[in-house]
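Just so it is clear, the values below take in all heavy atoms, side chains as well, and ignore hydrogens, waters and symmetry mates. We count ligands from 1, going down the list as the structure has it; atoms in each ligand are counted the same way. For the single chain, residues carry numbers from 1 onward in sequence order. Quick caveat, the model's predicted, so the values are computed rather than measured.
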Amino acid sequence: MRALYPGSFDPLTLGHLDLIERSSHLFERLVVAVLQNPSKSAAFPLAQRLEQIRQATAHLATVEVGSFDGLTVDYARICGAGVILRGLRALSDFEFELQIAHTNKSLAPQVETLFLATAVSHSFLSSSVVKEVARFGGDVRHMVPPGVASDLARLFNRDASASSSDSAHG
Ligand code: ADP
């Protein structure tokens with residue numbers, strides 16, 4: 001069985017990566033796909049987000065990286081995925097995720113949505129929190145893969161190696 005893990009991944013966090021690592025053992029093939037959402041303005045261009053995911057998942061033989069626009073169920077069909085994977089951090093994610101899962105089920109009854117609970121240690125992480133911390137010079141190295149930490153430092157025009165000593169300012 002193949003699975004599709006769709007998201008904005010703007011940028012990839014250790015929470016996303018934990019989910020990818022755990023589910024890579026569950027499926028024959030896992031496609032991590034970046035959604036090009038025209039209604040959201042992204043901090044990182046698509047090509048950079050794809051590179052961040054490729055780098056962080058290079059050790060996982062069953063993981064592929066892709067991108068799509070339009071409906072997730074259409075892309076699931078293109079990938080031959082029978083499962084759409086989503087992560088649940090807290091109850092607050094549930095309502096929104098359930099609505100999307102029901103919508104996708106009504107569009108493509110043969111595709112199942114599967115939820116994995118986030119690792120407790122990563123349940124506070126979101127791409128927006130990471131960007132907010134990095135913007136104000138906080139250390140994000142325990143929140144994102146090393147490549148993403150460097151990209152964030154560059155985005156906010158800071159020296160990545162200085163971010164820990166600077167964290168008192170954040
Ligand atoms: P979207 O914009 O589609 O919500 P995200 O990139 O924010 O995309 O998230 C993609 C998926 O990863 C969602 O299912 C989300 O619940 C899940 N996710 C986000 N943050 C975490 C985390 N810290 N741990 C595990 N899963 C997460």
| Salt-bridge contact Lys131-Asp10 (side-chain N to carboxylate O under 4.0 Å) | yes
| Listed by chain and number, what are the ring pair (Phe, Tyr, Trp, His ring centres under 6.0 Å) partners of Phe44, not counting sequence neighbours? | none
| said: Give me each pair satisfying salt bridge (Lys or Arg N to Asp or Glu O under 4.0 Å) with a member in residues 58-72, each pair once, sequence neighbours excluded. | reply: Arg29-Glu64
Are any of the N or O atoms of [X] closer than 3.5 Å to those of ligand 1?
X      : answer
Ser8   : yes
Phe9   : yes
Ser127 : no
Leu19  : no
His16  : yes

Minimum side-chain heavy-atom gap [X]-[Y] below 4.5 Å:
X     : Y     : value
Glu21 : Leu60 : yes
Val83 : Met1  : yes
Thr62 : Phe27 : no

Enumerated ligand 1 atoms positioned under 4.0 Å from heavy atoms of [X]:
X      : value
Gly15  : 22 (C), 23 (N), 24 (N), 25 (C)
Thr118 : 24 (N), 25 (C), 26 (N)
Leu125 : 20 (N), 22 (C), 23 (N)

| query | Does atom CD of Gln110 have more than 12 heavy-atom neighbours, drawn from other residues, nucleotides or ligands, at distances under 6.0 Å? | reply | yes
| query | Does atom CZ of Phe124 have more than 12 heavy-atom neighbours, drawn from other residues, nucleotides or ligands, at distances under 6.0 Å? | reply | yes
| task | Look at ligand 1 and say whether Phe115 reaches it with a heavy atom at a distance under 4.0 Å. | result | no
| Nearest neighbour in protein (non-hydrogen) for atom 14 (O) of ligand 1 | Gly87 N, 2.9 Å
| said: Test of understanding: given a 4.0 Å heavy-atom threshold, classify the contact between Tyr5 and ligand 1 as side chain, backbone, both, or neither. | reply: side chain
| note | A student comparing Arg89, Arg86, Arg49 should find that the heavy atom closest to atom 20 (N) of ligand 1 comes from Arg89
